[in-house]
There are 2 protein chains.
Amino acid sequence: MTSVQPGSRSRPTIYDVAQRAGVSKSLVSLVLRGHPNVSDRRRRAVLEAIDELGYRPSTAAASLAGHRTHSIGVAIEEFENLWFVELLRGMRQELHATGYHVTVADRDLNSHLALDPIDGFRSLRVDGLVMAMEPGAGVLDDLDLPYVVAGQRENVPGTSDLVAGDDTLGGEMATGHLLGLGHERIAHVTGAGGTAALRCSGYEATMRAAGHRVVVVGHDEPTTELAAGRSTAALLDAEPDVTAVFAANDLMALGAMAALRERGLGVPGDVSVMGYDDTPLAGSAYLGLTSVDDRSDEMGVRTARTLLRRISDPSAPPHRELLEPAVVVRTTTAPGPRAARP
Amino acid sequence: MTSVQPGSRSRPTIYDVAQRAGVSKSLVSLVLRGHPNVSDRRRRAVLEAIDELGYRPSTAAASLAGHRTHSIGVAIEEFENLWFVELLRGMRQELHATGYHVTVADRDLNSHLALDPIDGFRSLRVDGLVMAMEPGAGVLDDLDLPYVVAGQRENVPGTSDLVAGDDTLGGEMATGHLLGLGHERIAHVTGAGGTAALRCSGYEATMRAAGHRVVVVGHDEPTTELAAGRSTAALLDAEPDVTAVFAANDLMALGAMAALRERGLGVPGDVSVMGYDDTPLAGSAYLGLTSVDDRSDEMGVRTARTLLRRISDPSAPPHRELLEPAVVVRTTTAPGPRAARP
DNA sequence: TTGTATGCGTTATCAA
DNA sequence: TTGATAACGCATACAA
């Protein structure tokens, strides 16, 4: 039972545990860290004392003395964007046996302390860092801390470890899926940022190769549902005969669907719609949005693996890999006019 | 510029800064903590040295020596559930000037270490804890750490500080909104758990007071989209003439809408639908789900305020408050048959 | 206004 | 297999 002894002002320390178990503090430390060469009798005594005292080791003292925190930090842009949840899931799976602790911070979390996530993690002395947000220009240039960039391509020095989705390929695959359904007048709703640009380039290349006209809207707009809705509305004015819309992410696909509905166009009856990221949103039974899975869980696995390697060998050559995305077909895409006629 | 000196194996310490600035370590410490009684000349010298060395104070050493971490922990169930994002936003607003650092952990994050979030935070020696997940039975009973429960009602001892939404009232307001639109055959899709039960009781009380029949489905089911879809399908079999469905949360409302669509029923043309929580999902232009705002941002403000009070006065009497929710009307609810006739 | 000394709760090194 | 003991990097009296 975790019962706190009555008279104690402050929390029990390793010293209290040692005294209660009738051993030295060193022995307690050994038991805590699972050292093999400890007699069963002593180990049991220590464990019992720990339990009785409700003792919890101080991570602060441990990391100060041990020169490492056994923790890794994950810097994300914002908690709203759910792709990092899958990334974490993958990381956890890989980190399972290692004893590493994971902490997450977004850009805003401690902005009141004038701390960007990286500075915060540096103060925390994390053993490694996962950069799961777009780094500012130059911030990675001489970061003397083991790190790997996850899911970003912009502002990443060539010497950085990097695990990301192949967004260009994803753009090609999405467009290919629509072409395969018989669509020809396929428009793309893009937005600002490096990731959107890559997805867009995949779309453009595939359309050109197929001999169809490239129609892109939303350059420099935010990658939000609202902006995508506006872009799509403008698109429908200029190109009323599009039969498919590929949006740069799932939320933007929702925006496109809202604009289509406003015009009285059915999905997928009149127009097929695709998103990107395969968020939980897309998987919703109600929405059933066809999307591109960027395999963020697998990205998490690879990211953790890469970071572990980097921590154990800081001078290893940079490791870079792109994960192949996958189209997840649901209910918002259907055969286009060409396929429908015969 | 943050440039690391070439020869140094490890990170610069307060000692290095002191030496470079030509002062003692204590002086550096004073500057760091913004102590007023430091001459401008020295202060500038220290700041400059910090910048040149790229020095970041070790939180571990600071908290070990200072007997507090200046950090507060937020324990959540899972990152997927976005209501905590607004809670954090509110907390940050209140914590702005205090210098407190916020860290978030979900139940799974470090489960591979056999650490539940509370144990983790105890090891971290956070100065305070926000319990934003349903506590296990008894875990709060003798938690000797300043904490406040946010948004939960189950398993909360009467002596705990608590800030939560008034879910019963919210259930009443939702039902009242539908009644006000002229609906009478209103069903409720509930699920397992204390929060859902409170919302359900608000629905029941209001229906009874209005003299209408209570129709509830989904008891003991998970509070997920999928389960809500199944429950709603069963509901429509048993009660084909319902004109409104109130779901215990937004995701479940989606499930209900999927089931309605499957029956060929339009929303809100044939059936009105309401959710609860007013998640970003509900606010989406495409969905436009009428929902109940539980005011999680304000909850964050109150929670932080309460926790600060608790930290500074551990023996203060328990503080409990319920926030009044608000119905947010969007496009999934419309006048019912009674109102439509005249 | 600034410097000195002590201790925080661990890990790690060395002896025993 | 176990026990002393010296760091670890900083805050905090206390002294100057």
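These values consider heavy atoms only, across backbone and side chains, with no hydrogens, waters or symmetry-generated copies. Numbers restart at 1 for each chain; the letters A, B, ... are given by sequence-line order, proteins then strands.
- Overall, the helix from dT1(C)-dA16(D) to dA16(C)-dT1(D) carries an axis bend of 30° between its ends, with five pairs at each end and the value rounded to 10°.
- The side chain to side chain donor-acceptor pair (under 3.5 Å) test applied to S315(A) returns D313(A), not counting sequence neighbours.
- Heavy-atom contacts from other residues, nucleotides or ligands closer than 6.0 Å to NE2 of H35(B) number more than 12.
- Evaluation of the side chain to side chain donor-acceptor pair (under 3.5 Å) test over residues 124-141 of chain A, restricted to residues two or more places apart or in two chains, returns T69(A)-D127(A).
- Residues meeting the side chain to side chain donor-acceptor pair (under 3.5 Å) test with H319(A), sequence neighbours left out: E321(A).
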Can you build the contact string for nucleotides 1-9 of chain D? Use B for base contact, S for sugar-phosphate-only contact, and - for no protein heavy atom under 4.0 Å. BBBBB--BB
Without placing hydrogens or testing angles, list every side-chain donor-acceptor pair under 3.5 Å for residues 59-68 of chain B, not counting sequence neighbours.
from   : atom 1 : to      : atom 2 : distance (Å)
T59(B) : OG1    : S123(A) : O      : 3.3
S63(B) : OG     : T59(B)  : O      : 2.8
S63(B) : OG     : A60(B)  : O      : 3.2

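- With sequence neighbours left out, the side chain to side chain donor-acceptor pair (under 3.5 Å) criterion links D106(B) to no other residue.
- When DNA chain C is scanned 5' to 3' for any atom under 4.0 Å from a heavy atom of chain A, the first and last hits are dG9(C) to dA12(C).
- Screening residues 148-162 of chain B for salt bridge (charged side-chain N to carboxylate O under 4.0 Å, His left out) gives D161(B)-R310(B) as the qualifying pairs, with residues at least two apart or on separate chains.
- The side chain to side chain donor-acceptor pair (under 3.5 Å) search around S160(B) returns Y147(B), not counting sequence neighbours.
- The side chain to side chain donor-acceptor pair (under 3.5 Å) contacts involving residues 84-95 of chain B comprise E80(A)-R89(B), E94(B)-R305(B), where partners must be two or more places apart or lie in separate chains.
- Applying the ring pair (Phe, Tyr, Trp, His ring centres under 6.0 Å) test to F84(A) and every residue at least two apart in sequence or in another chain returns F79(A), F79(B).
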